[in-house]
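Here is the structure we will look at.
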Amino acid sequence: MIGIFDSGLGGLSALKEVRRLLPSEDIVYFGDTGRVPYGSRSKETITKYALQDLNFLMSKQVDAVLVACGTISSIAIDTLRNKYPSIPIIGVVDSAAEVAVSLTKNKKIGVIATSSTIGSHSFEKKLLSLDNELDIIQTACPLFVPLVENGFISPDNEVTHLVAKQYLAEIKASGADTLILGCTHYPIITESIARVLPGVNIVSSSKAAADTLSQMVQPTEINRLGNTEYYVSDEPYGFEKTASIFLETKIHDKVTRIDIEKY
Ligand code: DGL
């Protein structure tokens with residue numbers, strides 16, 4: 001069983017890829033919808049929340065975990081790995097950086113993520129360790145998270161488009177040929193982002209991490225479709241509604257509310 005978690009809906013962008021790559025695996029997903037967003041909180045709070053989230057997934061006997069959150073991957077992944085050293089815990093920073101470096105031709109890479117992720121310089125450090133001649137342009141885009149959480153995910157949504165236009169102006173002006181979506185909420189609005197930056201390679205940190213995970217997990221059974229369980233920490237309605245649109249499948253009877261403070 002694979003565990004995937006995020007502060008809310010964002011990790012579903014990783015779940016969708018994992019489901020595609022590993023159709024027979026059972027997956028348990030947790031979205032901390034009662035405490036989203038994480039990306040503007042302190043290191044202490046993000047670490048405390050991330051440990052509780054992981055403790056919950058471990059109670060479901062998962063054998064591998066995808067930390068489908070750029071913020072936790074940037075701030076707290078070492079703490080998580082130290083707490084549970086016996087299972088693979090994959091974050092979303094390293095694989096995305098590797099993909100971006102393989103794609104850029106002009107060595108200019110844009111990174112968009114939450115304020116905490118940008119402040120941690122996690123993507124910048126990883127990118128420069130791969131190629132120290134890169135020019136990296138970073139922008140925090142905190143408003144994208146509540147837009148996604150509130151279902152503003154249609155490529156035609158004008159509010160999301162205007163916010164994207166404003167946030168991405170500096171990256172557009174820089175001429176970067178590659179952009180990392182360093183927050184897992186952002187791949188859910190890829191089309192809105194791509195419309196502002198035509199011709200730019202868009203790297204989903206969720207997809208890159210799902211690819212890495214799929215190479216590490218040996219599928220156990222071939223001829224069965226894996227089950228997916230969804231857990232959230234507050235009223236499931238909004239999560240069910242937006243998740244069903246994004247995943248293109250109704251999940252209304254599959255989402256359970258838990259008290260994350262108990263973990
Ligand atoms: N989706 C998360 C990330 O990748 C967290 C967004 C948030 O809660 O602020 O950073």
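We count ligands from 1, going down the list as the structure has it; atoms in each ligand are counted the same way.
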### Query
Do the rings of Y230 and Y29 sit parallel, tilted or perpendicular, given the 30° and 60° boundaries?
tilted

### Task
Would you kindly say whether D234 and T33 are connected by a side-chain donor-acceptor distance under 3.5 Å?
no

### Summary
ligand 1 to H185, heavy atom cutoff 4.0 Å, flagged ligand atoms 1 (N), 2 (C), 6 (C)

### Summary
If we number the atoms of ligand 1 from 1 as shown, the ones under 4.0 Å from a heavy atom of Y38 are 7 (C), 8 (O), 9 (O)

### Message
Would T184 count as a polar contact of ligand 1, with the cut-off being nitrogen or oxygen pairs under 3.5 Å?
### Response
yes

### Message
Distance alone, cut at 3.5 Å: any donor-acceptor contact between the side chains of T71 and T114?
### Response
yes

### Query
Among all protein non-hydrogen atoms, which one is nearest to atom 3 (C) of ligand 1, and what is the separation to 0.1 Å?
G70 N, 3.1 Å

### Message
Please work out, at 4.0 Å between heavy atoms, whether the side chain, the backbone, both, or neither of T114 comes within that distance of ligand 1.
### Response
side chain

### Message
Only heavy atoms of P37, strictly under 4.0 Å: list the atoms of ligand 1 that pass.
### Response
7 (C), 8 (O), 9 (O)

### Task
Using a 4.0 Å heavy-atom cut-off, say whether D6 meets ligand 1 through its side chain, its backbone, both or neither.
side chain

## Note on the structure
The atoms of ligand 1 lying under 4.0 Å from a heavy atom of T71, numbered in the order shown, are 3 (C), 4 (O), 5 (C), 10 (O)

#### Entry: Candidate list L103, T104, V200, test side chain to side chain contact (heavy atoms under 4.5 Å, CB included), partner D177, passing option
T104

### Close aromatic pair by centroid cut-off 6.0 Å: F56 and F5
no

#### Entry: S13 (side chain) donor-acceptor with T184 (main chain) under 3.5 angstrom
yes

### Task
For G39, counting its heavy atoms only, list the atoms of ligand 1 lying under 4.0 Å from any of them.
7 (C), 8 (O), 9 (O)

### Task
Just jot down the ligand 1 atoms closer than 4.0 angstrom to any heavy atom of V36, in number order.
8 (O)

### Task
Return the orientation label for the Y49 and Y38 ring planes: parallel under 30°, perpendicular over 60°, tilted otherwise.
tilted

### Query
Where on S7 is there a heavy atom closer than 4.0 Å to ligand 1, on the side chain, on the backbone, on both, or on neither?
side chain

### Residue pair D53 / Y231, side-chain donor-acceptor N/O under 3.5 Å
no

